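As the structure is a prediction and not an experimental result, all values here were calculated from the model. Both counts, for ligands and for their atoms, begin at 1 and track the order of listing.
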Amino acid sequence: MSYTVSEDIEVLKKGVREFVQNEVEAVAMQIEKEDYIPDKIVEMAKELGLFGLSIPEEYGGLGIGMVGKCALYEEIGATHNGFTTLIGGHTGIGSVGIVEMGNEYQKQKYLPDMATGKKIGAFALTEPQAGSNATNLKTTAVRKGDKYILNGLKHYITNAPQADVFTVMAVTDPSKGAKGITSFIVEKSFPGFQVGAIEHKMGLRGSHSAEIIMEDCEVPVENVLGEEGRGYVNALTILANGRAGLAARNLGSAQKLLDLSMMYAKERVQFNVPIIEHQAVAHMLAEMAVDIEALRSFTYRVATMVDEGKKVIKEAAMIKLFGSEVYNRVADKAVQVHGGIGYISDFPIERFYRDARITRIYEGTSEIQKNIIAAQLNKEYN
Ligand SMILES: Cc1cc2nc3c(=O)[nH]c(=O)nc-3n(C[C@H](O)[C@H](O)[C@H](O)COP(=O)(O)OP(=O)(O)OC[C@H]3O[C@@H](n4cnc5c(N)ncnc54)[C@H](O)[C@@H]3O)c2cc1C
């Protein structure tokens, strides 16, 4: 399937590509070594409007719909995945809750600053005992007058150390299971809120995930996001909304790996010929290209369905699964095409290989996506 984007988005896409190629790529090794994204890069991303990717124009965002978002995410995916994750965490899951479920007061209060990147967003669902089974939350929220008092601990929360605004899921009625969970907008400045230990990870340098700890954390009643008892559904909606975007970022990374592998295979000579002339190498490149084209078509099909207002529970899970698996397959082949240099940290391939691995785990593991797809199929074949 082909897709078209407006001229405006083509212009934005070109601007993002130039920024990624000229600025982010220039500091990719630095990010990797220092585990820090230079302030200059973050400021430039703000100027380009990248923090407002998911936010409607009326609140200061780009207002470009899912196809437009995917077109830009594809460019953002083609560089250091720590940077990609900073933007993806904020725009994919960190601000979408307020866009989708927020009331007018909440949108006016939070979105303009989130659109400019003045305030960074994060999404806080996971707890030590509640990973794939996200209904098993222990964080509680008890109403006291005009406040809710939150107590509990979340872990692995992307962007937590930089974030100002968190979408937090907590149990308001333990007797109701998933229907007893409510979502809240929690500011880092609220009394009783604290960011805990930063995790040491396999990759995604420059992107930081940490615990958040709420001890008698006071959240005003007006910060309930959506209806009480709808927090789990809200979390699933936010995650489903993010899945086409994550696939587009994976697509960008996979395409970058193919580009690097093609260049290398044409240059590198073994047995007196460029290695692309060895059929085994050429076949790996062909397989990478097929996977990438299939991912591109599928990503924009799902994005188009989202823009058309169609229900995409099954397709969102499929694209999350397929995008992650394609990125991992392509990264593995890219290392193989590069031989030894693919394993050496002075070159970008091994970084992408490590960074690809998380995509099969976060925002719902590959196994959980298969469970969602199978459950939907089961309903369809009833
Ligand atoms: C770097 C990073 C960033 C993250 N960012 C965020 C964030 O911003 N916000 C947030 O809320 N969370 C975040 N997470 C958490 C992430 O979403 C969870 O790690 C993920 O959902 C898996 O949960 P778990 O780690 O507890 O693994 P578990 O749920 O314990 O799973 C372990 C294994 O068992 C399998 N498994 C479990 N249940 C089933 C089942 N029913 N059927 C088949 N297989 C099953 C899993 O697929 C997996 O292979 C992040 C995690 C990491 C590592």
Before accepting this row, confirm whether a basic side-chain N of the pair [X]/[Y] lies closer than 4.0 Å to the acidic partner's carboxylate O.
{"X": "Glu7", "Y": "Lys13", "value": "no"}
{"X": "Lys176", "Y": "Asp173", "value": "yes"}
{"X": "Arg354", "Y": "Glu350", "value": "yes"}
{"X": "Glu222", "Y": "Lys109", "value": "no"}
{"X": "Glu363", "Y": "Lys320", "value": "no"}
{"X": "Glu104", "Y": "Lys107", "value": "no"}
{"X": "Glu199", "Y": "Lys201", "value": "no"}

Item checked: Which residues share a salt bridge (charged side-chain N to carboxylate O under 4.0 Å, His left out) with Glu215, sequence neighbours left out ->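 Once residues adjacent in sequence are excluded, Glu215 has no partner under the salt bridge (charged side-chain N to carboxylate O under 4.0 Å, His left out) criterion.
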Please work out, at 4.0 Å between heavy atoms, whether the side chain, the backbone, both, or neither of [X] comes within that distance of ligand 1.
{"X": "Ser209", "value": "side chain"}
{"X": "Lys201", "value": "side chain"}
{"X": "Asn371", "value": "side chain"}

[atom] [closest protein heavy-atom partner, distance rounded to 0.1 Å]:
{"atom": "atom 49 (O) of ligand 1", "value": "Glu367 OE1, 3.4 Å"}
{"atom": "atom 13 (C) of ligand 1", "value": "Tyr156 O, 3.4 Å"}
{"atom": "atom 17 (O) of ligand 1", "value": "Glu363 N, 3.6 Å"}
{"atom": "atom 29 (O) of ligand 1", "value": "Ser132 OG, 2.6 Å"}
{"atom": "atom 12 (N) of ligand 1", "value": "Thr126 OG1, 2.7 Å"}
{"atom": "atom 24 (P) of ligand 1", "value": "Gly131 CA, 3.9 Å"}
{"atom": "atom 39 (C) of ligand 1", "value": "Ile368 CD1, 3.8 Å"}
{"atom": "atom 9 (N) of ligand 1", "value": "Phe123 O, 2.8 Å"}

Notebook entry, point to check: atom 33 (C) of ligand 1: protein heavy atom closer than 4.0 Å?
Noted result: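 No, no protein heavy atom sits under 4.0 Å from atom 33 (C) of ligand 1.
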Margin query: Tell me whether atom 42 (N) of ligand 1 lies less than 4.0 Å from at least one protein heavy-atom position.
Written below: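 It does: a protein heavy atom is found less than 4.0 Å away from atom 42 (N) of ligand 1.
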Next item on the list: Mark the output for Gly89 as yes if a heavy-atom distance to ligand 1 is under 4.0 Å, and as no if none is.
Entry: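 Distance cut 4.0 Å: Gly89 fails for ligand 1.
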Next item on the list: Would you mind listing every salt bridge (charged side-chain N to carboxylate O under 4.0 Å, His left out) that reaches into residues 241-254, with sequence neighbours excluded?
Entry: none
Checklist line | Option with minimal heavy-atom separation from atom 53 (C) of ligand 1, where the choices are Thr365, Asn136, Ile361, Ile358 | finding: Ile358
Checklist line | Heavy-atom proximity to atom 5 (N) of ligand 1, best of Asn159, Thr158, Leu204 | finding: Thr158
Checklist line | Exercise: do Thr182 and Thr172 side chains pair donor with acceptor under 3.5 Å | finding: yes
